[in-house]
Amino acid sequence: MLKHETVGLGLRREFLDEFKETENSNVQYLEVAPENWMDMGGKRAKELHWFREKYPIVAHGLSLSLGGTDPLDIEFIKSIKNFITQYDIALYTEHISFTGAKGILYDLLPLPFNQETINNLVDRIQKTQDILGQKIAIENASYYAHSPLSEMTEYEFISQILKKADCNLQLDINNVFVNSINFKFNAYEFLDNIPKDKVVYMHVAGHDEENNELLIDTHGQDVRLEVWDLLKYSYNLFGIVPTTLERDLNVPSLAEVLQEVDKIKQYQTIS
Amino acid sequence: MIKLSQYQQDFSHFIRKNGKKKYHLAHLPQKNAKIYAELIFNNINSCVRVCFPICYAMSKDSYWDDLIHTFIEEFKCYSPMFKDLPEQFLQWLKVTKNPQIKQVIPKFFYCFAHYEWIEMAIAVALDNKQPFHVIQQKEDFLNQDIVLTDSWTIVDYYYDVHLINKKYQPVLKKKTANYYLVFRDIKDNVKFMILTPSSVSLISALVNNQLNFKHTIHTILQMQPELAPDLIQESLTNLLYELYNQGMVLGIK
């Protein structure tokens with residue numbers, strides 16, 4: 001397991017070579033998407049081995065479709081289990097979303113916040129945890145469209161899943177902010193209503209502003225001041241947990257990326 | 001009450017239809033739902049086009065976007081791995097009967113896309129590391145099993161795919177196929193070599209004889225007794241030595 005006061009970085013091809021040469025950064029672990037690194041040979045496998053020698057690794061899933069209604073991909077979960085064993089992965093996380101029906105669409109689609117969705121999610125999370133033989137953490141996803149089938153708030157929805165599935169929460173601070181603007185709720189009230197003992201891991205990232213009322217969680221900009229404030233608030237509320245900077249698009253120089261890693265470290269130090 | 005599975009199928013269908021109004025049902029999110037069609041198009045497009053740089057360059061001003069939209073609409077992808085998206089695109093390209101797509105893409109397009117894809121497929125194929133000894137001289141092949149690189153294949157196309165670019169786009173199929181050896185060398189570089197049909201036969205015979213030099217020669221002579229043993233042995237030795245210098249043959253056991 002990772003220590004609580006640790007900072008991680010989502011591993012990206014854009015800065016991979018430069019990062020190899022970097023010493024004395026505040027990066028204490030790396031996060032990878034199994035869907036981009038698993039079951040590969042050649043250069044890709046050698047790179048991952050190289051990084052694993054130096055850093056603990058967290059696996060952050062994209063395609064498992066925990067909220068989906070297509071059959072759960074058992075073989076894929078078994079592959080993830082092998083990946084976890086092979087690289088001694090510290091934590092596996094996935095999103096509260098679905099990735100398509102009758103096939104995969106390779107993005108995170110919004111679920112209705114209702115009892116049927118909770119039951120489906122709980123069943124699939126429990127099956128996943130049974131196969132992996134460990135607890136997973138589920139991430140509050142960003143969303144841009146609200147399902148008319150929803151019957152409760154997002155925090156009520158998440159709280160019930162956490163309780164019934166006996167899993168942990170990966171709290172994405174940027175997603176809380178993005179959703180609060182897109183759906184006009186109070187981000188602090190959202191955080192106040194998340195179960196205190198379930199948050200084991202956090203994400204921070206930047207987003208794009210489509211217009212005044214719509215933010216898109218692109219991980220393509222610097223982290224906004226409001227998100228840093230929410231991170232500070234979350235550390236006070238939930239305690240400090242391993243926190244990863246995600247930067248996936250419009251990637252600046254590694255030095256700029258590492259400045260934001262340093263900033264997370266500062267927030268961990270002062271909180 | 002609409003069931004969760006129906007909601008997901010209808011939402012996915014709406015996205016596959018590129019967010020067109022007539023597929024937007026009342027139980028789907030009303031505001032911003034079309035954004036998901038755009039996000040998914042961008043995501044899938046960026047994963048696919050990186051594998052097909054020349055196909056993309058040739059078609060980006062005309063039909064590339066239509067290819068991706070129609071791929072999303074028609075093909076059901078089931079691999080959770082992003083590296084498999086280009087392969088699934090290729091599978092779709094091979095089977096699609098869509099008349100608009102058939103009309104706009106050149107006849108060589110599938111072959112050429114396959115040629116572009118095979119480079120990525122060989123680059124990321126799983127390792128199967130075997131111990132080997134480097135050779136000191138050509139003759140070392142004669143008494144030992146040969147060790148090949150982890151990842152390789154031979155492909156054949158009825159177009160000069162290695163010449164195709166924006167300026168050279170063949171209209172007619174060739175009468176005979178070109179053979180290409182595609183392999184990953186020990187430094188993980190993917191290399192292409194054009195092979196003659198006789199080299200393809202020799203490599204196939206070698207593989208069918210568990211990469212044993214003597215068994216391979218024996219089998220070839222059994223099947224073609226009219227061939228001169230010395231000549232066959234020399235041809236195979238020379239081919240192996242060339243492949244050794246290129247990095248396809250790693251050495252001997």
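Here is how names work: the chains are called A, B, and so on, in the same order as the sequence lines, proteins then strands, and each is numbered from 1. FYI, side chains are in, hydrogens and waters are out, and symmetry mates aren't considered; it's all heavy atoms of this structure.
Between B:Phe82 and A:Leu62 the shortest side-chain heavy-atom distance falls below 4.5 Å. Using a 4.5 Å cut-off on side-chain heavy atoms (C-beta onward), A:Leu109 and B:Ile40 make contact. Using a 4.5 Å heavy-atom threshold, the side chains of A:Leu105 and B:Arg16 count as touching. With contacts defined as side-chain heavy-atom distances shorter than 4.5 Å, the pair A:Thr69/B:Tyr7 does not qualify. Between B:Ile35 and A:Ile216 the shortest side-chain heavy-atom distance falls below 4.5 Å. Between B:Gln8 and A:Leu111, the closest side-chain pair of non-hydrogen atoms falls below 4.5 Å. Between A:Tyr106 and B:Cys47 there is no side-chain heavy-atom pair separated by less than 4.5 Å.
Taking A:Ser150, A:Gly100, A:Pro112, A:Ser65 one by one and counting their heavy-atom pairs under 4.5 Å with chain B, the maximum is reached by A:Pro112. Chosen from A:Leu214, A:Asp73, A:Thr218, the residue pairing most often with chain B at heavy-atom distances under 4.5 Å is A:Leu214. The greatest number of non-hydrogen atom pairs below 4.5 Å with chain A, out of B:Asp10, B:Ile44, B:Ile72, B:Leu85, is found for B:Leu85. Highest contact tally toward chain B, considering only A:Arg44, A:Lys102, A:Glu75, is held by A:Lys102 [criterion: heavy-atom pairs under 4.5 Å]. For the options B:Lys187, B:Lys129, B:Lys76, heavy-atom pairs under 4.5 Å to chain A are most numerous at B:Lys76.
If you measure heavy-atom distances from A:Pro110 to chain B, the contacts under 4.5 Å come from both the backbone and the side chain. Using a 4.5 Å cut-off between heavy atoms, B:Asn128 does not touch chain A at all. When heavy atoms are compared at a cutoff of 4.5 Å, B:Ser151 does not approach chain A at all. Using a 4.5 Å cut-off between heavy atoms, A:Tyr143 contacts chain B through both its backbone and its side chain. Both the backbone and the side chain of B:Leu126 come within contact range of chain A, each with at least one heavy atom under 4.5 Å from a heavy atom of that chain. No part of B:Lys34 comes within reach of chain A, as not one of its non-hydrogen atoms sits under 4.5 angstrom from that chain. Heavy atoms closer than 4.5 Å to chain A are found in both the backbone and the side chain of B:Ile2. For B:Phe75, no part lies under 4.5 angstrom from a heavy atom of chain A. The part of B:Tyr36 that comes within reach of chain A is its side chain, from C-beta onward, which places non-hydrogen atoms under 4.5 angstrom from that chain. In this structure, the portion of A:Phe98 lying under 4.5 Å from any heavy atom of chain B is its side chain and not its backbone. Only the side chain of B:Asn43 has a heavy atom closer than 4.5 Å to any heavy atom of chain A. Proximity to chain B (any heavy atom under 4.5 Å) is shown, for A:Tyr144, by both the backbone and the side chain. Neither the backbone nor the side chain of A:Gln115 has a heavy atom closer than 4.5 Å to any heavy atom of chain B.
Closest of all the heavy-atom pairs between B:Ser12 and A:Ala101 is OG-N, 2.9 Å. The minimum heavy-atom distance linking B:Lys31 with A:Ala145 is given by the pair O-CB, 3.4 Å. Summarising the geometry of B:Leu28 relative to A:Pro148, their closest heavy-atom pair is O-CG, 3.3 Å, with the distance given to 0.1 Å. Scanning both residues, B:Ile186 and A:Lys46, for their nearest heavy atoms gives O-NZ, 4.3 Å. In terms of heavy atoms, A:Met38 sits closest to B:Met81 at O-CE, 2.9 Å.
Here the CG-OG distance, from A:Leu249 to B:Ser46, works out to 8.0 Å after rounding to the nearest 0.5 Å. With rounding to the nearest 0.5 Å, the separation of CG in A:Leu108 from CG in B:Leu39 is 10.0 Å. The CG atom of B:Asp127 sits 7.5 Å away from the NE2 atom of A:His49 when rounded to the nearest 0.5 Å.
Within 6.0 Å of NZ on A:Lys184 lie more than 12 heavy atoms contributed by other residues, nucleotides or ligands. Within 6.0 Å of the CG atom in A:Asn186, the count of heavy atoms belonging to other residues, nucleotides or ligands exceeds 12. Other residues, nucleotides and ligands contribute over 12 non-hydrogen atoms within 6.0 Å of the NZ atom of A:Lys20. Within 6.0 Å of NE2 in B:His133 there are 12 or fewer heavy atoms belonging to other residues, nucleotides or ligands.
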